[in-house]
Amino acid sequence: MQPGKNMHAKSRKPAVNRSKSTKQSGAPEYTAEAVLAQLKKLGDKRVREQMGTRFGITGPTAQKSFGVSMAKMKALAKKIGRSHDLALALWETGWYEARMMASLVDEPQRVTPAQMDKWCRAFDNWGICDTVCFCLFDRSPHAMSKIKKWA
C-alpha cells in the first residue's frame with residue numbers, strides 16, 4: 001500500500017472516452033452514395049417489415065428504409081470511422097439507416113448547436129431520436145445547453 005492511501009477508499013475507474021473513433025475526419029473513400037449502396041446491400045425485407053410492427057418505428061423516415069439491423073449499422077460505422085462531413089451528407093439523404101449512420105459516424109466535437117436544432121426538428125420516430133441523442137448529442141460540448149432549451 002502506498003503511503004497516504006486510504007485502504008478503505010473505493011477505487012475509481014478512469015473516465016472512459018465514449019466518443020472513440022477508428023479514424024478522425026473520416027475516410028475519404030466513403031461518400032454518402034457509397035454508404036447508401038452498402039446499406040441497400042445489407043438491407044433485409046424482414047427487418048424492414050418488423051420496424052413498425054415489432055419495434056413501433058414509424059413515420060416518414062421509417063417508410064424510407066432498407067431494413068438494416070442496428071448490429072449491421074454499428075459494424076459498418078466502425079469500419080467507416082468518424083467523419084462530420086459524411087454525417088451531414090448522410091443525414092440529408094432522408095433515409096432511416098443513413099440518419100442512424102450519421103449519428104454513429106459524426107464527430108461530437110464538431111457538432112454545432114444549429115445542427116442539433118435542425119436534426120431535432122426532423123425526429124419523427126423514437127429510433128432516430130434515441131440513437132442521435134444517445135450516440136452523438138450527449139457527447140457534444142453543447143449537450144447541457146440543449147437540455148435547458150429543449151426541456
Side-chain angles (χ1 to χ4, degrees), residues 12-151:
R12 294 184 182 173
K13 294 181 180 179
V16 176
N17 179 1
R18 296 184 338 165
S19 62
K20 287 192 285 185
S21 64
T22 54
K23 303 171 192 168
Q24 282 295 324
S25 297
E29 66 270 15
Y30 288 100
T31 63
E33 294 77 20
V35 174
L36 283 176
Q38 284 285 339
L39 290 169
K40 185 175 182 178
K41 188 177 178 181
L42 293 170
D44 182 328
K45 183 180 177 184
R46 288 176 292 152
V47 172
R48 186 174 190 276
E49 290 170 351
Q50 290 180 342
M51 287 177 65
T53 57
R54 184 172 179 200
F55 300 111
I57 298 173
T58 59
T61 307
Q63 300 305 312
K64 193 174 176 182
S65 170
F66 298 113
V68 182
S69 70
M70 192 62 183
K72 288 181 180 179
M73 284 189 275
K74 284 183 175 183
L76 180 58
K78 187 174 182 178
K79 181 179 173 185
I80 291 170
R82 296 279 183 175
S83 173
H84 181 67
D85 294 333
L86 176 60
L88 295 176
L90 287 169
W91 186 267
E92 290 304 316
T93 69
W95 283 90
Y96 175 78
E97 289 88 354
R99 288 188 167 183
M100 298 290 266
M101 291 293 295
S103 70
L104 298 173
V105 302
D106 205 344
E107 299 170 67
Q109 297 302 319
R110 293 188 62 195
V111 171
T112 66
Q115 174 189 349
M116 293 173 80
D117 287 335
K118 180 181 178 182
W119 287 20
C120 182
R121 284 190 301 272
F123 293 165
D124 64 356
N125 64 73
W126 72 265
I128 295 286
C129 177
D130 282 9
T131 304
V132 172
C133 289
F134 298 136
C135 294
L136 178 63
F137 284 179
D138 67 341
R139 293 160 175 82
S140 161
H142 311 292
M144 290 301 159
S145 67
K146 291 301 176 185
I147 290 171
K148 290 179 184 177
K149 179 179 179 182
W150 293 341

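Keep in mind the model is a prediction, meaning the values are calculated, not measured.
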Students often mix this up, so state it plainly: with edges at 30° and 60°, are the rings of W91 and F123 parallel, tilted or perpendicular? perpendicular

Quick check against the 3.5 Å criterion: does Q109 have a side-chain atom that pairs as donor or acceptor with the backbone of P141?
no

- Query: Do the side chains of C120 and W150 get nearer than 4.5 Å, heavy atoms only?
  - Reply: yes

Take E33 and T93 through the side chain to side chain contact (heavy atoms under 4.5 Å, CB included) test and state the conclusion after the steps.
-> CA-CA 9 Å; E33 294 77 20; T93 69; over 6 Å; no

Within a strict 4.5 Å, meaning less than it, do heavy atoms of the V68 and M100 side chains meet?
no

Looking only at heavy atoms, the pair that brings F55 and W126 closest together is O-NE1, 2.9 Å

Exercise. Is the side chain of D124 donor-acceptor paired with the backbone N or O of T61 at a distance under 3.5 Å, no angle test?
Worked result: yes

- Item | T131 vs M73 side-chain heavy atoms within contact, under 4.5 Å | no

Go through the steps for R110 and D85 under the test side chain to side chain contact (heavy atoms under 4.5 Å, CB included), then give the verdict. CA-CA 10 Å; R110 293 188 62 195; D85 294 333; 3.9 Å; yes

So do L76 and K72 actually touch side chain to side chain, heavy atoms under 4.5 Å? no

For residues 35-45, which side-chain N or O atoms pair as donor and acceptor with protein atoms under 3.5 Å away, sequence neighbours left out?
| residue | atom | partner | partner atom | Å |
| --- | --- | --- | --- | --- |
| D44 | OD1 | R46 | N | 2.8 |
| D44 | OD2 | R46 | NH2 | 3.4 |

Are W119 and V111 side-chain neighbours, meaning at least one heavy-atom pair lies under 4.5 Å?
no

How about Q115 and D106: do any of their side-chain heavy atoms sit closer than 4.5 Å? yes

Checklist entry - Judged by atom type as modelled, is there a donor-acceptor pair below 3.5 Å linking the side chain of R48 to the main-chain atoms of Q63? => result yes

**OP:** Please tell me if the side chains of P108 and L136 come closer than 4.5 Å, counting only heavy atoms from C-beta onward.
**Re:** yes

The reported gap from NZ in K79 to OH in Y30 (rounded to nearest 0.5 angstrom) is 4.0 Å

message = Please check this pair: side chain of R139 against backbone of F134, looking for a donor-acceptor N/O pair closer than 3.5 Å.
response = yes

When every non-hydrogen atom of A62 is compared with those of M51, the smallest separation belongs to CB-CE, 4.0 Å

Verify the neighbour count for atom NZ of K118: are there more than 12 heavy atoms of other residues, nucleotides or ligands below 6.0 Å?
no

Smallest heavy-atom separation, S65 atom then E97 atom, equals OG-OE2, 2.8 Å

Margin query: Are R99 and L90 packed together at the side-chain level, in the sense that at least one heavy-atom pair is separated by less than 4.5 angstrom?
Written below: no

Separation between SG (C135) and NZ (K74), nearest 0.5 Å, reads 6.0 Å

The side chain to side chain contact (heavy atoms under 4.5 Å, CB included) partner of L104 among M70, K78, R82 is M70

